Amino acid sequence: MKIVITDHRFKDVEVERRAVEAAGGQLTVGEATVELQAAELCKDADGVLTARAPITRRVIEAMKRCRIIVRYGIGVETVDIPAATERGIMVANVPDYCLEEVSDHALALLLMLSRQMIPSMTLAREEKWPIAKMPVLHRVRGQCCGLVGCGQIGSLLARKLTALGMRIMVYDPYLDENRCREIGAELVSFDRVLTESDFISLHAPLNQWTRHLLGQQAFAKMKRTAFVVNTARGGLIDEAALLTALNEGTIAGAGLDVVESETVVTPLRTALVTHPRMVVTAHTAWLSEEATAALQAKAVAQVIAGINGERPYGLMNLKQESSKSSG
Ligand code: NAI
């Protein structure tokens, strides 16, 4: 049994090594960032663990005997699921390792924006205390947060925001109205989320239906005082349109944990991450000791289970085709 880790961002992969060796297998660890490297690494693997490497159709076609690919994470947009399904290869994610962390992180970004923490910290670091230099602040209680996508993370965040006294609206085409009521939110159209929200927080998967969901037209409909928070995937936002909206004051600011291009520095990315109306974190919303331990253990357990002919609990092949959700 050969298991390949195409790439990872952990301190080490001892958890995986111990599990694979206990199952009588052998672990190979790579640092693939491009298709060719991934294809070479995975060609004779029985199972693959992958983080950000592109597991494209070409990589999948190079696999001679792979039974299962497990993505270290929730989003699986780095894996060509239809290509894997055609080859009879299972694709799984780890759907439940960091839900508290990501919803806390979205809340933290929202509060940093609403309390204007960055301008205030800048003044404090300059040893200046004049409130006249602060942007306008509004009380959070009573403001409206629109959630785009309200699955596991969105619903946890809804509960946390309700505790702060915020009104919650949800746009999620696959969510049932009763479920929405249970979490104390109102199910509305995308347009109402855009026009009525003081904050919009994104929690949908990235796929062909959600790419650039927030673009020029959407920003134009938002309140000029509104903030956008994105802890889901960078591709949900058209970043050129976001930069224009920030520069022209179409919206008040944004808090991003994810950007479209995480591996390559682009002038657009630099302009965004250094923008005075932005709070940006380095795709660390998921990160905690507890989440990391759960992620590594659950990912490797699924890859071993899949090779042994069991159905992994994070199986995505059918789910994606039937619900258009990447989990
Ligand atoms: P989930 O699958 O539980 O929820 C996603 C929700 O989005 C579902 O309710 C689904 O119906 C909805 N949805 C699907 N298409 C939609 C559309 N076109 N418009 C609006 N809603 C739509 O997923 P979960 O676990 O809540 O994760 C949400 C996002 O968070 C994913 O994009 C995932 O990749 C991202 N994530 C980010 C992390 C980070 O470190 N920043 C860590 C973990 C997840």
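We count ligands from 1, going down the list as the structure has it; atoms in each ligand are counted the same way. These numbers come from a predicted model, not from an experiment.
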**Student:** Just jot down the salt bridge (charged side-chain N to carboxylate O under 4.0 Å, His left out) partners of R181, sequence neighbours excluded, or say none.
**Tutor:**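 Partners of R181 under the salt bridge (charged side-chain N to carboxylate O under 4.0 Å, His left out) test: E177.
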**Student:** Using links of under 4.5 Å between side-chain heavy atoms of ILVMFWY residues, direct or through other members, which residues join V136 in one cluster?
**Tutor:**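 V136 clusters with nothing; isolated.
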**Student:** Test of understanding: clusters of I, L, V, M, F, W, Y form through side-chain heavy atoms closer than 4.5 Å, transitively. Do F227 and V102 belong to the same one?
**Tutor:** no
**Student:** In ligand 1, which numbered atoms sit nearer than 4.0 Å to a non-hydrogen atom of V102?
**Tutor:** 38 (C), 42 (C), 43 (C)
**Student:** I need the contact type for F190 against ligand 1. Using non-hydrogen atoms and a strict under-4.0 Å cut-off, is it side chain, backbone, both or neither?
**Tutor:**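 Within the 4.0 Å criterion, F190 makes no contact with ligand 1.
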**Student:** When you measure from the heavy atoms of L175 to every atom of ligand 1, does any distance fall below 4.0 Å?
**Tutor:** no
**Student:** Going by heavy atoms, is C98 under 4.0 Å from ligand 1?
**Tutor:**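 A heavy atom of C98 does come that close to ligand 1.
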**Student:** Just going by heavy-atom distances, which of V258, N230, D172, V193 is nearest to atom 9 (O) of ligand 1?
**Tutor:** D172
**Student:** May I ask you to list the atoms of ligand 1 that are less than 4.0 angstrom from any heavy atom of P205?
**Tutor:** 5 (C), 7 (O), 13 (N), 14 (C), 32 (O)
**Student:** Yes or no on salt bridge (Lys or Arg N to Asp or Glu O under 4.0 Å) for K223 and E196, after CA distance, side-chain angles and deciding distance?
**Tutor:** CA-CA 7 Å; K223 295 182 183 176; E196 293 181 32; over 6 Å; no
**Student:** Before signing off on this row, confirm whether D257 and ligand 1 have an N or O atom pair separated by under 3.5 Å.
**Tutor:**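 Yes, since at least one N or O of D257 sits under 3.5 Å from an N or O of ligand 1.
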**Student:** Classify the contact between H283 and ligand 1 as side chain, backbone, both or neither, using a heavy-atom distance cut-off of under 4.0 Å.
**Tutor:**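 Under 4.0 Å from ligand 1, H283 contributes side-chain atoms alone.
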**Student:** Nearest heavy atom to atom 15 (N) of ligand 1 wins, so pick from Y174, Y171, W286, Y97.
**Tutor:** Y174
**Student:** To the closest 0.5 Å, what do you measure between CD1 (I251) and CZ (F219)?
**Tutor:**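 That separation rounds to 5.0 Å.
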**Student:** Which option wins on minimum heavy-atom distance to atom 30 (O) of ligand 1: I74, I153, V148?
**Tutor:**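 That would be I153.
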**Student:** Quick one: does W209 get a heavy atom under 4.0 Å from ligand 1?
**Tutor:** no
**Student:** Distance from Q116 atom CD to H138 atom NE2, nearest 0.5 Å?
**Tutor:**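 Rounded to the nearest 0.5 Å, the CD-NE2 separation comes to 9.5 Å.
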**Student:** Distance check, rounded to the nearest 0.5 Å: I74 atom CD1 versus D96 atom CG?
**Tutor:**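 Going from CD1 on I74 over to CG on D96, the span is 7.5 Å.
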**Student:** Nearest to atom 41 (N) of ligand 1 by heavy atom, T284, T231, L287: which?
**Tutor:** T231
**Student:** Please classify the T210 to ligand 1 contact at 4.0 Å (heavy-atom distances, strictly less than): side chain, backbone, both or neither.
**Tutor:**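 Side chain only.
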**Student:** Hey, which atoms in ligand 1 end up nearer than 4.0 Å to a heavy atom of G75?
**Tutor:**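 Under 4.0 Å from G75, ligand 1 has these atoms: 34 (O).
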**Student:** Closest by any non-hydrogen atom to atom 22 (C) of ligand 1: pick that one out of G151, A204, G234.
**Tutor:**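 The option holding the nearest heavy atom is A204.
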**Student:** Just verifying a value: how many Å separate M278 CE and L113 CG, rounded to the nearest 0.5 Å?
**Tutor:**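 So the gap between those two atoms works out to 9.0 Å.
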**Student:** Could you list which atoms of ligand 1 come closer than 4.0 Å to a heavy atom of C150?
**Tutor:** 6 (C), 9 (O)
**Student:** How long is the straight-line distance from CG of L111 back to CG of L164, given to the nearest 0.5 Å?
**Tutor:**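 Between L164 CG and L111 CG, I get 6.0 Å after rounding to 0.5 Å.
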**Student:** Drop me the distance from R71's CZ to L295's CG, to the nearest 0.5 angstrom.
**Tutor:**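 Going from CZ on R71 over to CG on L295, the span is 8.5 Å.
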